[in-house]
Q: 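Got a structure for you, questions after.
In the text below, chain A, chain B and the rest are named by the order of the sequence lines, each starting its count at 1.
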Amino acid sequence: MLNMALLALVGGFVLGFNRILITKVGQRHGIYSSSVWNHLGGLIFVFLWILFFGSFKEILPNTQSAPSYLLIGGVIGALFVALNSLLIPKLGLLITTTLIISGQMVLGVFIDYFQGRIESLPQTLLGLIIILAGVSLRLFPANRKPTT
Amino acid sequence: MNVALALFAGLLLAGMVALNGGLAKYIGPVEGSFVIHAIGLVTAALLVVLKLPENKNPKHIISKLSYFGGIFGAIIVVIVGYTVNSPIGVAGTIAMVILGQLLFGFFVDITGFFNLPKRKILAKDLLQTILLLIGSGVLLYA
């Protein structure tokens, strides 16, 4: 249990490392090219993983059997990486990450709510309020840094 | 503006996670990541071809390692594939990945790791991070 928790923690570091490397590419080549490099690197890694540990045979038929709107996730991913590369040099990694996770948790709760996966509504609302209280700290003018 | 964009990016991410999770149920997590990366690559290439306005600076010297950054973005898919199916489950995985990202964010901003600009961590940054961790904990273990 502890080693799995540590592995997930390292996963968070890995994700941060991914973001700063790709941000660097974005600073030199532009944010959209950074998204190309991000997806190219990822695609090659996953290709090799499946080549050694899996099989490509089922991918196409299984993808065709899935509802096609699920594929929009890939389009969103391309935009998301570009946004990351745009924001990290301006806000810093910590603030960018904190805001992204906040936005993610808020919409995540809505998605869970409409899919009927919320067990305790009061506790969910409490969690949301705490996160939004943190986000609201950004609204005070004195806290605004000259980030241009 | 940047704050609003970052929150919007978080909304995008939540939608993406829900869609990718749905796809993974049909074709498997790593296979799903393969398809998603392929579609993302085509989309990103289109965005480049469209020549949308953006800032670039060819004089900005970067490490060659940076071009391989996408590999780290894909490794997380494999890690999560293991941890969500372990005793820590989905909630534990999300909580630990969030914690890891925030700790890494502190580390990078304080040290200026990898030639990124150093940033002072303000009291409100710390407070916001703590509120996010508590709020996420309350949500995940609801």
Q: Can you measure from CD1 (A:Ile130) to CG (B:Leu133) and round to the nearest 0.5 angstrom?
A: 11.5 Å
Q: Heavy-atom distances under 4.5 Å only: say whether B:Glu54 touches chain A with side chain, backbone, both or neither.
A: side chain
Q: Is any side-chain heavy atom of A:Tyr32 closer than 4.5 Å to one of B:Val49?
A: no
Q: Out of curiosity, does B:Ile62 fall in the hydrophobic cluster containing A:Val81 (side-chain heavy atoms, cut-off under 4.5 Å, transitive links)?
A: no
Q: Please give me the minimum heavy-atom distance between B:Val17 and A:Gln104, naming the atom from each residue.
A: CG2-NE2, 4.0 Å
Q: Do you know which of B:Leu116, B:Leu103, B:Ile134, B:Leu46 has the most heavy-atom pairs with chain A at a distance under 4.5 angstrom?
A: B:Leu116
Q: Check for me, please, whether A:Leu99 and A:Leu87 land in the same ILVMFWY cluster - side-chain distances under 4.5 Å, paths through other members count.
A: yes
Q: Near A:Glu119 CD, under 6.0 Å, is it more than 12 heavy atoms from other residues, nucleotides or ligands?
A: no
Q: May I ask you to name which of B:Val78, B:Val42, B:Val35, B:Val77 has the most heavy-atom pairs under 4.5 Å with chain A?
A: B:Val78
Q: Output the distance between atom CD1 (B:Ile98) and atom CG (A:Leu15), rounded to the nearest 0.5 Å.
A: 10.5 Å
Q: Would you confirm whether B:Asp109, through its side chain, and A:Leu94, through its main-chain N or O, come within 3.5 Å as a donor-acceptor pair?
A: yes
Q: Is there side-chain contact between B:Leu47 and A:Leu79, with at least one heavy-atom pair below 4.5 Å?
A: yes
Q: When you measure from the side chain of A:Asn18 to the backbone N and O of B:Gly69, does any donor-acceptor pair fall under 3.5 Å?
A: yes
Q: What do the steps show when you test B:Ile27 against A:Glu58 for side chain to side chain contact (heavy atoms under 4.5 Å, CB included), and what is the final call?
A: CA-CA 8 Å; B:Ile27 69 175; A:Glu58 303 290 314; over 6 Å; no
Q: Among A:Asn62, A:Ile44, A:Ile101, which residue has the highest count of heavy-atom pairs closer than 4.5 Å to chain B?
A: A:Ile101
Q: Given that the side chain runs from C-beta out, which part of A:Leu125 has a heavy atom under 4.5 Å from chain B: side chain, backbone, both or neither?
A: neither
Q: Is a donor on one side and an acceptor on the other found under 3.5 Å between the side chain of B:Gln128 and the backbone of A:Leu137?
A: no
Q: Can you confirm whether B:Asn55 sits close enough to A:Ile31 that some side-chain heavy atom of one is under 4.5 Å from a side-chain heavy atom of the other?
A: no
Q: To the nearest 0.5 Å, what is the distance between NE2 on B:His37 and CG on A:Asn38?
A: 6.0 Å
Q: Which pair of non-hydrogen atoms, one from A:Ala78 and one from B:Ala44, has the smallest distance, and what is that distance?
A: CB-N, 3.8 Å
Q: So do B:Ser33 and A:Trp49 actually touch side chain to side chain, heavy atoms under 4.5 Å?
A: no
Q: Starting from the C-alpha separation in whole Å, work towards a yes-or-no answer on side chain to side chain contact (heavy atoms under 4.5 Å, CB included) for B:Gln101 and A:Arg19.
A: CA-CA 10 Å; B:Gln101 284 185 81; A:Arg19 303 240 165 103; 3.1 Å; yes
Q: Mind ranking B:Asn20, B:Val97, B:Ile94 by heavy-atom pairs under 4.5 Å with chain A and telling me who comes out on top?
A: B:Val97
Q: Looking at B:Leu140, B:Leu127, B:Ile88, which makes the most heavy-atom pairs under 4.5 Å with chain A?
A: B:Ile88
Q: Could you check A:Ile131 against B:Leu131 for side chain to side chain contact (heavy atoms under 4.5 Å, CB included), going step by step and ending with a plain yes or no?
A: CA-CA 6 Å; A:Ile131 291 174; B:Leu131 287 172; over 6 Å; no
Q: Quick one: OG1 on A:Thr98 to CG on B:Asp125, what's the gap to the nearest 0.5 Å?
A: 7.5 Å
Q: Please assess B:Leu7 against A:Ser102 for the test side chain to side chain contact (heavy atoms under 4.5 Å, CB included), listing each intermediate value before the final yes or no.
A: CA-CA 7 Å; B:Leu7 287 169; A:Ser102 300; 4.2 Å; yes
Q: Just how far is it from atom CG of B:Leu19 to atom CG of A:Leu70, taken to the nearest 0.5 Å?
A: 6.0 Å
Q: Out of B:Ser136, B:Pro117, B:Gly21, which one racks up the most heavy-atom pairs below 4.5 Å with chain A?
A: B:Ser136
Q: Tell me, do B:Leu65 and A:Leu21 make a side-chain contact under 4.5 Å, heavy atoms counted?
A: yes
Q: Heavy atoms only: give me the nearest A:Leu107-B:Leu11 pair and the separation to one decimal.
A: CD2-O, 3.1 Å
Q: Among A:Leu60, A:Leu126, A:Val109, A:Leu71, single out the residue with the greatest number of heavy-atom pairs under 4.5 Å to chain B.
A: A:Leu71
Q: Give me the atom names and distance for the closest heavy-atom approach of A:Gly41 to B:Ile71.
A: O-CG1, 3.6 Å
Q: Quick one: does B:Lys124's side chain get under 4.5 Å of A:Arg138's, heavy atoms only?
A: yes
Q: Could you check which of B:Ala18, B:Gly22, B:Gly15, B:Pro58 has the highest count of heavy-atom pairs closer than 4.5 Å to chain A?
A: B:Pro58
Q: Over 60° means perpendicular and under 30° means parallel, so classify the ring planes of A:His29 and B:Tyr67, tilted if in between.
A: tilted
Q: So which part of A:Tyr69 gets closer than 4.5 Å to some heavy atom of chain B, the side chain, the backbone, both or neither?
A: both
Q: I need the minimum non-hydrogen distance between A:Thr96 and B:Ala6, along with the two atoms involved.
A: O-CB, 4.5 Å
Q: A:Pro122 versus chain B, heavy atoms under 4.5 Å apart: side chain, backbone, both or neither?
A: neither
Q: Sort out for me which of A:Gly11, A:Gly54, A:Gly92 touches chain B most, counting heavy-atom pairs under 4.5 Å.
A: A:Gly92
Q: Out of A:Gly26, A:Gly108, A:Gly30, return the one with the most heavy atom pairs under 4.5 angstrom to chain B.
A: A:Gly30
Q: Is the number of heavy atoms from other residues, nucleotides or ligands under 6.0 Å of B:Tyr141 OH greater than 12?
A: yes
Q: So which part of B:Val108 gets closer than 4.5 Å to some heavy atom of chain A, the side chain, the backbone, both or neither?
A: side chain
Q: Just so I know, are the side chains of B:Phe72 and A:Phe45 near enough to count as touching, which here means a heavy-atom distance under 4.5 Å?
A: no
Q: Applying the side chain to side chain contact (heavy atoms under 4.5 Å, CB included) criterion to B:Ile39, which one of A:Ile72, A:Ile76, A:Val75 satisfies it?
A: A:Val75
Q: Using 30° and 60° as the class boundaries, would you call the ring planes of B:Phe113 and A:Phe17 parallel, tilted or perpendicular?
A: tilted
Q: So how far is it from A:Ile100 CD1 to B:Phe8 CZ, rounded to the nearest 0.5 Å?
A: 11.5 Å
Q: Using modelled atom types only, decide if a donor and an acceptor are shared between the side chain of A:Lys24 and the backbone of B:Phe114 within a distance under 3.5 Å.
A: yes
Q: Can you say whether A:Gln27 sits under 4.5 Å from chain B via the side chain, the backbone, both, or neither, judging by heavy atoms?
A: both
Q: May I ask you to name which of A:Ser34, A:Gly77, A:Gly16 has the most heavy-atom pairs under 4.5 Å with chain B?
A: A:Gly16
Q: Heavy atoms only: give me the nearest B:Tyr26-A:Ser65 pair and the separation to one decimal.
A: CE2-O, 3.9 Å
Q: Do A:Met105 and B:Leu139 have side chains that get closer than 4.5 Å, going by heavy atoms?
A: yes
Q: Where on A:Leu43 is there a heavy atom nearer than 4.5 Å to chain B: the side chain, the backbone, both, or neither?
A: both
Q: Does the gap between the ring centers of A:Phe13 and B:Phe107 come in under 6.0 Å?
A: no
Q: Quick check: does any side chain N or O of B:Lys59 sit under 3.5 Å from a backbone N or O of A:Arg28, one acting as donor and the other as acceptor?
A: no
